[in-house]
Amino acid sequence: MIAENIKRLRESIQAVCDASGRSSDEIKLIAVSKYFGIKAITEANENGITDFGENKAQELRDKYNLIGDKVTWHFIGTLQKNKVKYVVKAASLIHSVDSIDLADEINKQAVKNDKVQDILLEVKTSFEETKAGVAEEEEIFKLAEHCSTLENVKLIGLMTMAPFTDDESLIRKSFTELRKLKDKLNKQGFNLTELSMGMTSDYKIAIEEGSTMLRIGTAIFGPRDYSKDWREL
Ligand SMILES: *Cc1c(COP(=O)(O)O)cnc(C)c1O
């Protein structure tokens, strides 16, 4: 089932790339494995998936302890300062940095782990109050400036979640906004290469709008069962 899902998804990504004049080599597929167990992750890995995304610090820590650096880990969820230590140990990229305090704590833990931590800034492009991320452009510039003063943090791009809506134009607008913001920052001297955008429901639009990292769960693993503990799967 997972093997077939991956095959189908890769073909679909390729088709959108072909239609929009992009190379699929520029797009990293991150399998969002939250709520899924080691068996599912292993099966995806055996079918060519190298990158996995988790949205809870302890879940990432525990899965990292079981699987380790055999795969590449991404942290994509809301991050509390007291849990940064687990995430920095495991994650090659943290997608969800949204405050100076958080960036400082990541830097501190990165120093302890003797690594330079790649990060993305999470931008709230959807104007939905419930969504995480920084909304004001001025704030984003400030945060980006601040990150460039941190020795063990490297800012490489931006992340967003599109609004939950059937209105395709709103989803597209959200992705376009993120791309424009990246271009603007780069004009100011930053060197951002990554746009983390696109999930199961909206990855085609994200590819068309320049995504370099897709975060896809359901289309790979099937629906999540929130009543189950991943350790029992
Ligand atoms: C769960 C999650 C995803 C994947 O969602 P699907 O709809 O299952 O593809 C992507 N990004 C973030 C931040 C998530 O929390």
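Here, residue 1 is the first one in the sequence, and each next residue gets the next number.
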**Report entry** Pair Thr160-Glu122, side-chain donor/acceptor within less than 3.5 Å
**Finding:** no
Query - Lys39/Glu43 under salt bridge (Lys or Arg N to Asp or Glu O under 4.0 Å): CA gap, chis, key distance, verdict - result: CA-CA 6 Å; Lys39 219 175 120 219; Glu43 188 177 345; over 6 Å; no
Query - Donor-acceptor under 3.5 Å (Asn186 side chain, Leu192 main chain) - result: yes
**Report entry** Backbone of Ile207 reached by a side-chain donor or acceptor of Arg22 within 3.5 Å
**Finding:** yes
Requested in this report: Evaluate the criterion salt bridge (Lys or Arg N to Asp or Glu O under 4.0 Å) for residue pair Asp202 and Arg172; output intermediate values, then yes/no.
Outcome: CA-CA 9 Å; Asp202 55 23; Arg172 193 176 295 279; over 6 Å; no
Report task. Could you walk me through whether Lys180 and Asp183 pass salt bridge (Lys or Arg N to Asp or Glu O under 4.0 Å), step by step? Result -> CA-CA 5 Å; Lys180 285 187 178 156; Asp183 294 345; over 6 Å; no
Query raised in the report: When clusters are formed by joining ILVMFWY residues with side-chain heavy atoms under 4.5 Å apart, either directly or through shared neighbours, do Val32 and Tyr203 land in the same one?
Result: no
**Report entry** Partner of Asp104 by side chain to side chain contact (heavy atoms under 4.5 Å, CB included), out of Val153, Leu150, Thr149
**Finding:** Leu150
Requested in this report: Kindly give the heavy-atom pair with the smallest separation between Gly198 and Ala206, and that separation in Å.
Outcome: CA-CB, 3.5 Å
Query raised in the report: Within the distance-only criterion (no hydrogens, no angle test), does the side chain of Ser33 pair as donor or acceptor with the backbone N or O of Phe52 below 3.5 angstrom?
Result: no
Query raised in the report: Judged by atom type as modelled, is there a donor-acceptor pair below 3.5 Å linking the side chain of Arg215 to the main-chain atoms of Ser196?
Result: yes
Requested in this report: Check whether more than 12 heavy atoms from other residues, nucleotides or ligands sit under 6.0 Å from atom CD of Glu11, and answer yes or no.
Outcome: yes
Report task. Find the distance between CD1 (Ile30) and CD1 (Ile49) and round it off to the nearest 0.5 Å. Result -> 10.5 Å
Query raised in the report: Any side-chain heavy atom of Asn152 sitting closer than 4.5 Å to one from Lys108?
Result: no
Report task. Compare every heavy atom of Ala103 with every heavy atom of Cys147, then report the nearest pair and how far apart it is. Result -> SG-CB, 4.0 Å
Query - Salt bridge flag under 4.0 Å for residues Glu209 and Arg179 - result: yes
**Report entry** Audit row: Leu79, Val87, side-chain contact (heavy atoms from CB on, under 4.5 Å) steps and yes/no
**Finding:** CA-CA 9 Å; Leu79 186 50; Val87 170; 3.7 Å; yes
Report task. Could you tell me whether the side chains of Glu177 and Thr125 share a donor-acceptor contact shorter than 3.5 Å? Result -> no
Query raised in the report: Under 3.5 Å, side chain of Asp51 to main-chain N/O of Leu29, donor-acceptor pair present?
Result: no
Report summary line: Closest non-hydrogen atoms of Ala3 and Asn47, given as atom of the first, atom of the second and distance, are CB-OD1, 3.4 Å
**Report entry** In one Ile/Leu/Val/Met/Phe/Trp/Tyr side-chain cluster, 4.5 Å: Val88, Leu60
**Finding:** yes
Report task. Mind checking the CG-CG spacing from Leu195 to Leu181? Nearest 0.5 Å is all I need. Result -> 9.5 Å
Query raised in the report: Is the number of heavy atoms from other residues, nucleotides or ligands under 6.0 Å of Glu168 CD greater than 12?
Result: no
Query - Asn5 (side chain) donor-acceptor with Ile220 (main chain) under 3.5 angstrom - result: yes
Query raised in the report: Do Arg8 and Glu4 meet the salt-bridge criterion of a basic N to acidic O distance under 4.0 Å?
Result: yes
**Report entry** Lys182 atom NZ, neighbour heavy-atom count above 12 within 6.0 Å
**Finding:** yes
Report task. Tell me, yes or no, whether the heavy-atom count around Glu136 atom CD, taken from other residues, nucleotides or ligands under 6.0 Å, exceeds 12. Result -> no
**Report entry** Cluster overlap Val134 with Phe75, hydrophobic side-chain contacts below 4.5 Å
**Finding:** yes
Query raised in the report: CD1 of Ile27 to CD1 of Ile13: how many Å apart, nearest 0.5 Å?
Result: 7.0 Å
**Report entry** Short side-chain donor-acceptor distance under 3.5 Å, Gln109 and Asn113
**Finding:** no
Requested in this report: Identify whether Ile216 and Leu120 are in the same connected component of the hydrophobic contact network (ILVMFWY, side-chain heavy atoms under 4.5 Å).
Outcome: no
Requested in this report: Show the numbers, then the answer: is there a side-chain contact (heavy atoms from CB on, under 4.5 Å) between Lys154 and Gln117?
Outcome: CA-CA 6 Å; Lys154 188 175 176 208; Gln117 179 67 61; over 6 Å; no
Report task. Provide the closest heavy-atom pair for Gly222 versus Phe36 in the form atom of the first, atom of the second, distance. Result -> O-CZ, 3.6 Å
Report summary line: Between Ser92 and Thr72 the two heavy atoms that sit nearest each other are OG-CG2, 3.1 Å
Requested in this report: Mind checking the NZ-CG spacing from Lys28 to Leu93? Nearest 0.5 Å is all I need.
Outcome: 8.0 Å
Query raised in the report: Between Thr212 and Glu26, is a side chain to side chain donor-acceptor pair (under 3.5 Å) present by the stated rule, with each step listed?
Result: CA-CA 6 Å; Thr212 65; Glu26 318 164 352; over 6 Å; no
Query raised in the report: With a cut-off of under 6.0 Å to the ring centre and 45° to the axis, is Lys63 in cation-pi contact with Trp230?
Result: yes
Requested in this report: Determine whether Met161 and Ile140 fall in the same hydrophobic cluster, where Ile, Leu, Val, Met, Phe, Trp and Tyr are linked whenever their side-chain heavy atoms lie under 4.5 Å apart.
Outcome: no
Query - Distance in Å, Lys83 NZ paired with Tyr86 OH, rounded so as to fall on 0.5 Å steps - result: 8.0 Å
Requested in this report: Answer yes if the side chains of Asp101 and Ser99 hold a donor-acceptor pair under 3.5 Å, and no otherwise.
Outcome: no
Report task. Flag the pair Lys187 / Leu185 as yes when at least one side-chain heavy-atom distance between them is below 4.5 Å, and no otherwise. Result -> no
Report task. Go through the side-chain N and O atoms of Thr165 and Asp167 and say whether any donor and acceptor fall under 3.5 Å apart. Result -> no
Query raised in the report: Do you know which two heavy atoms are closest between Ser174 and Pro163, and how far apart they sit?
Result: CB-CD, 3.8 Å
Query raised in the report: Hey, are Tyr64 and Asp69 close enough side-chain-wise for a donor-acceptor pair under 3.5 Å?
Result: yes
Requested in this report: Report the C-alpha distance between Glu194 and Leu158 in whole Å, list the side-chain angles of each, state the deciding distance to 0.1 Å, and finish with yes or no for side-chain contact (heavy atoms from CB on, under 4.5 Å).
Outcome: CA-CA 6 Å; Glu194 305 305 325; Leu158 305 175; over 6 Å; no
**Report entry** Trp73 (side chain) donor-acceptor with Gly68 (main chain) under 3.5 angstrom
**Finding:** yes
Report task. Show your reasoning for whether salt bridge (Lys or Arg N to Asp or Glu O under 4.0 Å) applies to Glu145 and Lys142. Result -> CA-CA 5 Å; Glu145 291 283 357; Lys142 250 197 250 168; over 6 Å; no
Query raised in the report: Ion pair present between Lys184 and Glu137, side-chain N to carboxylate O less than 4.0 angstrom?
Result: yes
Report task. Test side-chain contact (heavy atoms from CB on, under 4.5 Å) on Leu121 and Asp98 and set out the steps. Result -> CA-CA 6 Å; Leu121 301 185; Asp98 62 359; over 6 Å; no
**Report entry** Any side-chain donor near an acceptor of the partner, Tyr35 and Lys56, under 3.5 Å
**Finding:** yes
Report task. Check side-chain hydrogen bond (donor to acceptor under 3.5 Å, both in side chains) between Asn82 and all other residues, then give those that pass, not counting sequence neighbours. Result -> none
Query raised in the report: To the nearest 0.5 Å, what is the distance between CG (Leu155) and OG1 (Thr193)?
Result: 9.5 Å
Report task. Give a yes or no on whether Lys228 atom NZ has more than 12 heavy-atom contacts from other residues, nucleotides or ligands under 6.0 Å away. Result -> no
